[in-house]
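Everything below concerns the one structure shown next.
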Amino acid sequence: MTIDRRNLKVLANFCAAAADAMAFTLMRTAHSAFVKETEDFSCQVVTREGLAFASPRQFGAPWYSGIDYAPLIEMFDDYAESDICITNDPYSGFVATHSPDIHIWKPVFHEGRLACFVVGHIHNTDVGGAVPASLSRSLTEIEQEGLRIPPVKLVQQGKLNQFVLSTMAANVRLPEQNIGDLHAQIASVNIGERKLKEIIARFGYDDFIDGVGQILDYAEQQTRAILAGVPDGDYFFADYADEDSVGGKPCRVALTLRVKGDEVELDYTGSDPQLGSSLNMPTGGRERHPLVMVGLTYVLYTLDNSLLLNAGTLRPARAVLPKGTIVNCERPAAVGMRSLTCAMTQIVTVGAFAQALPELMPAASPGGNAIMNVKTSARNGRPVMASIGPVGGGGGGTPIRDGSDGAGGATGFLRNTPIEISEAEVPIRFLRYGLQPDTGAPGRYRGGLSAIMEFEVSAPETVVTARNRNRSIMPSWGLNGGHAGVISRFIRNPGRSDETDLGNTDVVRLNPGDVIRVIGPGAGGYGDPFERPANVVLSDVRRGAVSLESARRDYGVAIVAEEVDADATAALRTKARPIPDTFSYGAERIAFETVWPPERYELLTRLLADVPVGWRFFLKHRIFDAVASLPAEDETPINRQMGAIFGEVRERYGL
């Protein structure tokens with residue numbers, strides 16, 4: 001069969017359908033709710049060299065559509081029919097990027113010739129380690145984050161490697177769940193292999209190989225056409241995670257976006273040094289690593305949703321990832337919370353493109369979904385370890401519509417777990433699960449509402465983990481006059497005498513009767529909220545999304561007896577107001593950047609780059625403390641201040 005344009009489209013659809021079948025199989029046979037309900041998994045078909053060219057069209061995590069499995073595939077040179085390989089080690093090839101993500105890959109042969117690989121990963125609810133669910137920002141070394149399996153053959157000559165299974169069972173908290181999910185993964189790649197063999201037989205080996213190359217080439221051509229429409233230039237943007245460690249300093253992710261013709265460079269110089277916590281990203285410095293390219297993929301797809309998403313999409317792009325920084329850490333750095341930092345890379349990418357295309361990009365999504373996990377025991381003593389779903393904010397307001405409620409933006413692909421399923425699997429009682437009013441930032445198009453979850457535990461020594469919590473200090477930014485979002489909340493025993501605001505804590509120990517309430521961070525709004533039609537604001541109020549107070553204060557809409565008071569609204573909306581900036585950052589970030597403007601942070605980054613990696617995080621904190629102690633009346637130029645501070649630090653520690 002000749003691969004012309006028509007047959008190329010047929011081949012692309014067939015391969016995507018094979019990936020869909022892999023995803024369906026995984027969802028229907030997985031044991032953990034985090035796979036079968038939340039859908040934190042991926043399935044791909046990749047070339048003989050490892051480049052992804054087909055992914056599920058509606059299921060699983062979209063972060064990996066352009067993944068390159070080459071570093072793992074190249075570790076073996078003796079692939080045979082029925083082989084399946086496995087790893088979850090973040091530092092073995094930098095494909096598995098934290099220990100709960102178990103990746104497997106299987107070769108597909110046609111008449112004895114290698115044609116492609118079927119691959120995929122799932123996020124295991126727990127892989128052992130220092131805390132239940134294995135992940136916490138408090139961890140400082142990769143060894144604390146649970147079992148790591150180096151690249152090894154899981155299935156060879158049709159036989160399952162029992163040593164891998166027994167090692168897994170001996171190191172995780174709920175082995176039956178992990179082993180069950182692993183068998184679901186095996187079933188998934190087996191289905192993928194069968195489907196691909198049928199496709200290859202239909203098209204013929206040579207035309208299949210040629211067609212796969214053309215699929216990648218076509219995606220590249222589409223990307224270049226999109227980028228050619230972006231104004232050339234350098235666009236700088238930075239944003240912050242709340243803490244670089246438990247009770248620590250703000251954590252900066254900085255990006256200089258360079259657009260030239262139909263190519264783009266994402267330079268992360270200026271991002272924080274490698275941290276003494278688990279927010280580090282293990283990319284190995286690979287210039288098209290999926291973790292630093294997800295934001296670009298989202299932007300490209302926003303600009304043209306006919307774009308094929310595969311490794312070809314990323315060919316016109318490259319990332320600059322300075323070694324020993326948060327975006328390219330070195331072993332033994334902990335990496336479990338790398339998804340929080342990855343979300344920040346996506347947000348700064350959107351922020352940079354918003355400077356080039358301000359009328360086409362949305363306001364910021366929160367990028368701080370709390371992934372809620374519970375380790376407890378049933379009445380009969382049976383141990384229980386399960387995810388009960390993500391709790392996050394909505395999508396940022398867009399130039400044409402409101403942001404989506406409850407989920408959106410960076411991690412909008414994560415599905416909620418129905419509470420009926422969670423209560424059936426976990427001995428907790430849900431008190432509330434829904435949308436929280438007044439959490440969508442005001443705008444001509446408002447940010448989506450945040451989710452709220454509240455539940456009561458029923459067993460002693462229950463541990464709740466809430467990984468990836470963020471935006472409890474610095475909110476999401478609004479765009480073109482839209483307001484910044486609201487901050488997230490995490491509360492133990494709300495409304496009681498022992499109520500505790502848990503801040504960014506992500507591991508909490510509870511006893512029977514204790515209640516947890518978590519409210520996701522709000523997304524940013526887009527456009528002047530006083531331009532939102534009054535009848536739309538009235539509709540928001542009637543359905544409980546916006547309070548009467550917010551309608552009057554934030555939108556200039558007076559509502560009396562469930563109707564718009566036209567005269568009062570006109571009076572409110574004609575009052576003089578400050579001219580808004582392009583980005584609305586919120587008071588917390590403005591206060592921080594008054595002390596730490598870009599000039600000071602650039603000097604910090606440059607100074608830290610000259611010291612050994614192991615010293616950088618420590619020195620960052622010492623320098624932050626020194627800057628905080630500067631007299632308010634000190635008018636010394638910033639470069640001299642920083643030079644003096646760093647000179648003192650070098651002398652004190654003999655650097």
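Using modelled atom types, one side-chain atom of Y79 and one backbone atom of I73 make a donor-acceptor pair closer than 3.5 Å. Side-chain atoms of R288 never come within 3.5 Å of backbone atoms of M293 as a donor-acceptor pair (strictly under, hydrogens ignored). Judged purely by atom type and a 3.5 angstrom limit, D181 has no side-chain atom pairing as donor or acceptor with the backbone of A30. Looking only at distances, no side-chain donor or acceptor of T325 sits under 3.5 Å from a matching main-chain atom of Q274. Side-chain atoms of S134 come within 3.5 Å of backbone atoms of G128 as a donor-acceptor pair (strictly under, hydrogens ignored). Proximity of a side-chain donor or acceptor of D77 to a complementary backbone N or O of E74 within less than 3.5 Å is not detected. A donor-acceptor pair under 3.5 Å is formed between the side chain of S404 and the backbone N or O of A407. Judged by distance alone, the side chain of T38 and the main-chain N or O of D40 form no donor-acceptor pair under 3.5 Å. A side-chain donor-acceptor contact under 3.5 Å links S450 to the backbone of P521. Side chain of S188 to main chain of M22: a donor-acceptor pair is present (N/O by atom type, distance under 3.5 Å, no hydrogens or angles).
Residues L314 and D68 have side chains not in contact (no heavy-atom distance under 4.5 Å, counting atoms from C-beta outward). Residues H98 and P282 have side chains not in contact (no heavy-atom distance under 4.5 Å, counting atoms from C-beta outward). Side-chain contact between V35 and L26 is present, with at least one heavy-atom pair separated by less than 4.5 Å. Considering only heavy atoms from C-beta on, D239 stays 4.5 Å or farther from V253 through its side chain. You'll find the side chain of S245 stays beyond 4.5 Å of the side chain of L275, heavy atoms only. In this structure, the side chains of D78 and K153 come closer than 4.5 Å at one or more pairs of heavy atoms. Inter-residue side-chain proximity for T345 and L291 is flagged as unmet; no heavy-atom pair is nearer than 4.5 Å. Considering only heavy atoms from C-beta on, N88 stays 4.5 Å or farther from M168 through its side chain.
Between R469 and D506, no side-chain nitrogen of the basic residue sits less than 4.0 Å from a carboxylate oxygen of the acidic one, so the salt-bridge criterion is not met. A salt bridge between R137 and D242 is absent, with no side-chain N of the basic residue lying under 4.0 Å from a carboxylate O of the acidic one. A salt bridge between R467 and E145 is absent, with no side-chain N of the basic residue lying under 4.0 Å from a carboxylate O of the acidic one. For the pair D89 and R331, the salt-bridge criterion is not met [side-chain N within less than 4.0 Å of a carboxylate O].
Atom CD of residue E454 and atom CD of residue Q436 lie 10.0 Å apart, to the nearest 0.5 angstrom. Summarising the geometry, atom SG belonging to C85 is positioned 11.0 Å from atom NZ belonging to K106; distances are rounded to the nearest 0.5 Å. The CH2 atom of W63 lies 12.0 Å from the OG1 atom of T297; values are rounded to the nearest 0.5 Å. With rounding to the nearest 0.5 Å, the separation of OG in S99 from NE2 in H123 is 8.0 Å. Here CD of Q177 is found 8.0 Å from CE of M385. Values are rounded to the nearest 0.5 Å. In this structure, CZ on F41 lies 15.5 Å from CD1 on I102, to the nearest 0.5 angstrom.
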Please report the C-alpha distance between L160 and V155 in whole Å, then the side-chain angles of each, then the deciding distance to 0.1 Å, and finally whether the side chain to side chain contact (heavy atoms under 4.5 Å, CB included) criterion is met.
CA-CA 5 Å; L160 194 60; V155 176; 3.6 Å; yes
In sequence, state the C-alpha distance, the side-chain angles, and the governing distance for I516 and F490, and then conclude on side chain to side chain contact (heavy atoms under 4.5 Å, CB included).
CA-CA 8 Å; I516 284 291; F490 191 27; 3.7 Å; yes
Show, in sequence, the C-alpha distance, side-chain angles and deciding distance for L147 and T167, and conclude whether the side chain to side chain contact (heavy atoms under 4.5 Å, CB included) test is met.
CA-CA 9 Å; L147 171 70; T167 301; 3.9 Å; yes
Starting from the C-alpha separation in whole Å, work towards a yes-or-no answer on salt bridge (charged side-chain N to carboxylate O under 4.0 Å, His left out) for K195 and D20.
CA-CA 10 Å; K195 297 290 185 183; D20 285 340; over 6 Å; no
Go through the steps to decide whether D244 and K620 satisfy the test salt bridge (charged side-chain N to carboxylate O under 4.0 Å, His left out), and finish with yes or no.
CA-CA 10 Å; D244 60 8; K620 175 198 168 183; 2.7 Å; yes
E425 vs K36, salt bridge (charged side-chain N to carboxylate O under 4.0 Å, His left out): CA-CA, chis, key distance, verdict:
CA-CA 13 Å; E425 294 189 354; K36 63 187 179 184; 3.5 Å; yes
Please lay out, stage by stage, how I388 and F455 fare under the test side chain to side chain contact (heavy atoms under 4.5 Å, CB included).
CA-CA 10 Å; I388 57 173; F455 59 90; 3.7 Å; yes
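The environment of CZ in R28 is sparse: at most 12 heavy-atom neighbours from other residues, nucleotides or ligands sit within 6.0 Å. The neighbour count for R173 CZ, taken as heavy atoms of other residues, nucleotides or ligands under 6.0 Å away, is above 12. The neighbour count for E461 CD, taken as heavy atoms of other residues, nucleotides or ligands under 6.0 Å away, does not exceed 12. For R496, the CZ atom counts as densely surrounded, since its 6.0 Å shell holds more than 12 non-hydrogen atoms of other residues, nucleotides or ligands.
A parallel orientation is assigned to the rings of H121 and H103, their planes being inclined by less than 30° (bins at 30° and 60°). Relative ring orientation between Y91 and F94 is described as perpendicular, the plane-to-plane angle rising above 60° on a 0-90° scale split at 30° and 60°.
The two residues S472 and I487 have their closest heavy-atom pair at O-CD1, 3.4 Å. In this structure, N470 and Y240 approach most closely via the heavy-atom pair ND2-O, 4.4 Å. The shortest heavy-atom contact between G393 and P366 is CA-CG, 3.7 Å. The two residues N511 and V457 come nearest to each other via the heavy atoms O-CG2, 3.1 Å. Across A523 and G394, no two heavy atoms sit closer than the pair CB-O, 3.3 Å. Scanning both residues, G485 and P475, for their nearest heavy atoms gives O-CB, 3.1 Å.
For N328 and H289, the side-chain atoms include no donor-acceptor pair closer than 3.5 Å. Between the side chains of N493 and D514, at least one donor N or O sits under 3.5 Å from an acceptor N or O. For the 3.5 Å distance criterion, the side chains of T376 and T462 qualify, holding a donor opposite an acceptor. A donor atom on one side chain and an acceptor atom on the other are not found under 3.5 Å apart for S387 and T125. In summary, the side chains of R429 and S458 do not present any donor paired with an acceptor at a separation below 3.5 Å, with no hydrogens or angles considered.
Screening L321, V292, V95 against R286 for a side-chain contact (heavy atoms from CB on, under 4.5 Å) leaves a single residue, V95. Tested against H621, the residues F618, F617, F624 include a single ring pair (Phe, Tyr, Trp, His ring centres under 6.0 Å) partner, F617.
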